[in-house]
Amino acid sequence: MTTINELPAHVLLVHLVVVLVPLSAFMVLLTGCWPAARRRFDLLTAALAGLALVSVPLTTDAGEWLERHLPSTPLVRAHTQLGDTMLPWAAGLFLVAAALAAREFLRTLRATSASATAGPGAAAVPVPAVPVPAVPLPAGPAHGRRATDDHGLGGRPVSIALAVLALIVAVGSTVTVYRIGDSGARAAWTGNFSRSAIPSPRQQAGGG
């Protein structure tokens, strides 16, 4: 893709990366560290990360076309080199988001299978009510099962590993987007604006 509406496509497509990558990073970090959010937003997070991943090569390809149609300067070359570092981070975001979504799917599938295996349960047999003193009981299998379900396949160690990976790719991708955007702004605007206000035509006509 080269131009959109007679403008270089890169200057328009870059907005997709600037929005989708940090948003995906936030969602990956949220779903990676908070089970309740993962159960609700796992598929949305994977979809956002997938869109971010697709937008990166589209933007960099358009940027390479634009680079060939601009004067070569150190700032432009630095921006281009930094732009090439975005794709691995976007891929990392998508892979972690996909792993979280797959793990949540397997957790849900296992819980559904367990419910189906248990069935409606044995017919309830009326039992006379007998007062039983309340005695605190240690955590039994039910408590352990619920804890496992909260974490999903692999239990707490896998949850911790995925949370760490989510933190790494979220921070890395966001920092990379900032660095690329900063270098692009410097390449586009360094030496191309006046540090002092330029009088408007009306002020010039009035001699102000």
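Side-chain atoms are counted along with the backbone in the values below, which use heavy atoms only and exclude waters and symmetry mates.
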Would you give the length of the straight line joining atom [atom1] of [X] to atom [atom2] of [Y], rounded to the nearest 0.5 angstrom?
{"X": "S173", "Y": "F26", "atom1": "OG", "atom2": "CZ", "result": "13.0 Å"}
{"X": "L66", "Y": "L7", "atom1": "CG", "atom2": "CG", "result": "11.0 Å"}
{"X": "E67", "Y": "H79", "atom1": "CD", "atom2": "NE2", "result": "9.0 Å"}
{"X": "L70", "Y": "T80", "atom1": "CG", "atom2": "OG1", "result": "9.0 Å"}
{"X": "R38", "Y": "R107", "atom1": "CZ", "atom2": "CZ", "result": "8.0 Å"}
{"X": "L44", "Y": "M27", "atom1": "CG", "atom2": "CE", "result": "5.0 Å"}

Item to complete: Any pair with a residue in residues 15-36 that passes side-chain hydrogen bond (donor to acceptor under 3.5 Å, both in side chains), sequence neighbours left out, goes on the list, sorted by first then second residue, please.
Response: none
Practice prompt. Could you identify which residues cluster with V171, counting Ile, Leu, Val, Met, Phe, Trp and Tyr as linked when any side-chain heavy atoms lie under 4.5 Å apart, either directly or through a chain of such contacts?
Written response: L29, L167, V175
Worksheet, complete the sentence: Cluster membership besides L43, Ile/Leu/Val/Met/Phe/Trp/Tyr side chains within less than 4.5 angstrom, sorted by chain and number, is none
Practice prompt. With the side chain counted from C-beta on, respond yes when T85 and I180 share a heavy-atom pair under 4.5 Å apart, and no when they do not.
Written response: yes
Worksheet item: When you measure from the side chain of T73 to the backbone N and O of V76, does any donor-acceptor pair fall under 3.5 Å?
Response: yes
Worksheet item: Do the side chain of H10 and the main chain of W65 share a donor and acceptor less than 3.5 angstrom apart?
Response: no
Say whether [X] and [Y] are linked into one hydrophobic cluster, either directly or through other cluster members, by side-chain heavy-atom distances under 4.5 angstrom.
{"X": "I168", "Y": "I160", "result": "yes"}
{"X": "L16", "Y": "L23", "result": "yes"}
{"X": "V18", "Y": "L12", "result": "no"}

For residues 88-99, please give each side-chain donor-acceptor pair under 3.5 Å, one per line with the distance, not counting sequence neighbours.
unit_1	atom_1	unit_2	atom_2	d
W89	NE1	T176	OG1	3.3

Worksheet item: Which pairs, with at least one residue in residues 165-191 and sequence neighbours excluded, count as a salt bridge (Lys or Arg N to Asp or Glu O under 4.0 Å)?
Response: D182-R186
Practice prompt. Go through R103 and S159 one step at a time and tell me if the side chain to side chain donor-acceptor pair (under 3.5 Å) criterion holds.
Written response: CA-CA 10 Å; R103 187 167 183 250; S159 295; 3.1 Å; yes
Fill in: Passing option when V28 is tested against T45, L165, L162 for side-chain contact (heavy atoms from CB on, under 4.5 Å)
T45
Item to complete: Applying side chain to side chain contact (heavy atoms under 4.5 Å, CB included), run through D84 and E64 and close with a yes or a no.
Response: CA-CA 10 Å; D84 292 335; E64 290 173 357; 4.1 Å; yes
Practice prompt. Kindly give the heavy-atom pair with the smallest separation between A101 and A46, and that separation in Å.
Written response: CB-CB, 4.3 Å
Extract all donor-acceptor atom pairs below 3.5 Å that involve side chains of residues 48-59 and protein atoms in other chains or at least two apart in sequence.
unit_1	atom_1	unit_2	atom_2	d
S55	OG	A52	O	2.8
T59	OG1	L13	O	3.4
T59	OG1	S55	O	2.7

